[in-house]
Amino acid sequence: MSANKLTRATQEPVWVRYGLMTIGLGFLFFFLGLPLVAVFVEALAQGLPLYLEALAEPETRSAIWLTIVIALAVLPFNILFGVAAAWAIAKFDFKGKSLLITLIDLPFAVSPVVAGLIFILLFGSQGTFGPWLAAHDVKIIFAVPGMILATLFITFPFIARELIPLMQAQGKDEEEAAVSLGASGWQMFWRVTLPNIKWGLLYGVILANARAMGEFGAVSVVSGHIRGETNTLPLHVEILYNEYNAIGAFAAASILALLALVTLVAKTIVEWRMKKETEMLNTVLAPEKT
Amino acid sequence: MSIEIRNISKRFGNFVALDNINLDIPTGELVALLGPSGCGKTTLLRIIAGMETADQGDILFSGAEATHLHARDRNVGFVFQHYALFRHMTVFENVAFGLRVKPRKERPSDAEIKRRVMELLGLVQLDWLADRYPSQLSGGQRQRIALARALAVEPKVLLLDEPFGALDTKVRKELRRWLRRLHDDMHISSVFVTHDQEEALEVADRVVVMNHGKIEQIGSPDEVYSSPASPFVYQFLGNVNVFHSRVHYGYAEVERHDAAVKGTAFVRPHDIDIHLGALEGGLPASVQHIHPIGPLVRVELAHHDELIEVELSRERHESLQLSVGQQVWFRARQMKVFGADAMPRSPTQEKQAFLF
């Protein structure tokens with residue numbers, strides 16, 4: 001048949017198509033696939049029992065635990081702040097709105113190490129509140145509260161950034177409708193606003209969580225690297241690696257890699273749901289039936 | 001419930017949306033706020049609903065001060081131009097919303113809510129859609145659900161913001177007849193905003209014509225159409241009549257016999273007669289174009305360099321047998337003259353003087 005000799009107007013020559021695909025997939029393989037595989041290969045290089053043993057080390061266990069604790073401590077604040085900021089920015093006009101938007105982006109613009117240093121300057125022993133904190137026997141720097149603060153600072157744009165465009169697109173008609181039907185502020189929020197943003201919120205939470213668990217720079221500055229006490233997984237990976245404990249380092253890293261994979265899957269599912277919801281909104285109207 | 005609007009003004013930055021508005025809406029009346037976009041009609045409606053606050057002035061419901069009453073306590077039903085249905089709730093839950101958010105003491109039982117919602121859905125003839133989501137409905141169906149939802153809380157006043165603006169012509173015509181019947185059955189006061197003069201004239205008991213944040217005229221549909229209070233009302237009520245013609249008036253500078261006052265005369269295209277022979281008090285003109293449009297025939301006449309639009313019935317056109325280029329005579333049966341000062345921005349000052 002001569003069908004395969006026909007070229008379509010929208011099709012590029014074979015070498016362009018395959019060339020571009022090779023470049024794209026090759027890049028993905030070398031920079032994403034290969035390192036991911038390497039982490040698991042190195043972690044399991046001496047067999048599964050040794051891998052599990054490395055994970056069962058008390059210091060590694062404590063690092064995993066602390067990572068989870070910090071993420072769990074940070075996320076509620078992020079959700080509260082993110083929803084409140086997005087709400088204010090998307091649904092109201094007020095003076096200083098653009099300033100607030102800029103401030104929300106600040107953590108993206110500032111290097112994480114600088115973010116960590118800010119907290120040292122504020123709460124460290126030589127810092128602004130240092131003497132007062134020492135007098136009242138409150139430890140923030142080189143302790144868990146400081147790490148939570150630093151992580152909070154790094155992760156707070158994620159949820160707000162995700163929600164602002166979503167809430168702006170949805171407008172405030174539905175909220176106004178709810179109020180005109182007699183709903184109180186809380187009823188309006190729980191019954192109308194929250195259900196409308198739930199997938200966007202979940203998406204933001206997933207991203208913020210991934211960053212909170214993976215954060216290195218800011219946390220490293222304020223942590224003090226006290227083993228078994230102020231070590232999160234990323235910090236612990238570095239320590240183990242510097243000690244030439246390859247299996248331990250890669251085992252711990254494999255947990256982070258696993259987390260990344262779970263995040264990716266969750267992100268894909270939520271994205272798919274969000275797309276479905278926007279499609280539902282934009283469905284072409286069926287003709288009038290009655 | 002009656003609504004009184006006293007000296008309401010509202011600005012957005014430098015833009016004056018409403019300028020000292022006074023309006024009484026008696027109980028049971030269906031009032032249309034009619035005007036071009038940006039004339040402040042929607043702002044006025046939102047101020048009545050409590051979704052916007054006026055810079056000054058008062059709103060009274062049944063004679064009682066309501067200016068500072070929160071929107072949720074005003075007991076008004078509001079229907080949005082784009083429906084604003086809760087997209088994550090079924091049609092049933094949308095209509096039930098107003099009942100479910102009532103304080104526990106006033107909240108009806110689930111069985112009672114179900115009964116009331118199904119009754120309302122029956123009223124808008126959409127009870128078979130109870131389990132659907134808004135995205136699965138057509139525009140006309142969404143608007144009726146929005147109405148049912150607003151009526152569920154038994155409002156004393158129904159406010160509708162361009163309720164049929166986003167629908168196609170056929171559905172729009174059906175829905176506005178239906179709204180009129182519904183209003184009469186429910187014994188409530190309704191206010192609806194529209195820029196479509198045909199809609200306002202057909203549905204409303206009274207029409208409030210607005211322009212640039214001010215009320216130009218208040219009156220029955222017949223009053224505003226046949227005795228417009230200002231050139232603006234005259235032009236606006238003819239302009240957008242898509243079923244007749246786009247420009248709905250012939251106008252010219254006139255000299256009156258009784259006084260040497262200069263003014264502008266407005267004549268509707270269907271108020272002009274065409275004759276083949278010379279006509280006393282008439283003017284000669286030549287036929288430029290003939291457009292048959294449905295039941296009417298629109299004829300463009302040229303008198304010197306002036307274009308005059310005339311609308312004839314099919315029968316009249318048949319009997320005249322006009323052709324392009326033909327010389328004819330025309331005369332206005334009826335016209336409205338406004339003083340020169342009423343037309344501050346008259347495009348050309350010195351025009352051909354017509355002696356009607």
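These numbers come from the heavy atoms of this one structure, side chains and all, not from hydrogens, waters or symmetry mates. Labels below follow one simple rule: chain letters A, B, ... track the order of the sequence lines, proteins then strands, and each chain is numbered from 1. Here the structure is a predicted model, which is why all the values come from computation and not from measurement.
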Tell me whether the count of non-hydrogen atoms from other residues, nucleotides or ligands lying under 6.0 Å of CG in B/D131 goes above 12. no

Is the backbone of B/V101 close enough, under 3.5 Å, to the side chain of A/Q187 for a donor and an acceptor to pair up by distance? yes

Between B/R72 (side chain only) and A/A183 (backbone N and O only), is there a donor and an acceptor less than 3.5 Å apart? yes

A/F216, CZ atom: more than 12 neighbouring heavy atoms under 6.0 Å: yes

Could you tell me if the side chain of A/L181 sits less than 4.5 Å from the side chain of B/F86, heavy atoms only? yes

Contact origin within B/L159 toward chain A - heavy atom pairs under 4.5 Å: neither

Looking at B/K156, I'd like to know if its NZ atom is crowded, meaning that more than 12 non-hydrogen atoms belonging to other residues, nucleotides or ligands lie closer than 6.0 Å. no

Taking heavy atoms only and a threshold strictly under 4.5 Å, list by residue number the residues of residues 191-201 of chain A that touch chain B; give 'none' if the list is empty. A/R191, A/V192, A/P195, A/N196

A/F94 atom CZ, neighbour heavy-atom count above 12 within 6.0 Å: yes

Nearest 0.5 Å please: distance from the CZ atom of B/R46 over to the OG atom of A/S180. 10.5 Å

Compare all side-chain heavy atoms of B/L85 with those of A/E174 and state whether any distance is below 4.5 angstrom. no

Quick one: do B/H70 and A/V179 satisfy side-chain contact (heavy atoms from CB on, under 4.5 Å)? Show the steps, please. CA-CA 9 Å; B/H70 193 277; A/V179 169; 3.7 Å; yes

Heavy-atom contact with chain A under 4.5 Å, split by part of B/A71: both

With a 4.5 angstrom heavy-atom cut-off, could you sort out which part of B/A152 is near chain A: side chain, backbone, both or neither? neither

Answer with side chain, backbone, both or neither: which region of B/R100 has an atom nearer than 4.5 Å to a non-hydrogen atom of chain A? both

Is it true that atom CZ of B/F12 has more than 12 heavy atoms of other residues, nucleotides or ligands lying nearer than 6.0 Å? yes

To check you understand the geometry: which heavy-atom pair defines the closest contact between A/A177 and B/A84, and what is its length? CB-O, 4.0 Å

Where does B/F80 contact chain A at under 4.5 Å (heavy atoms): side chain, backbone, both or neither? side chain

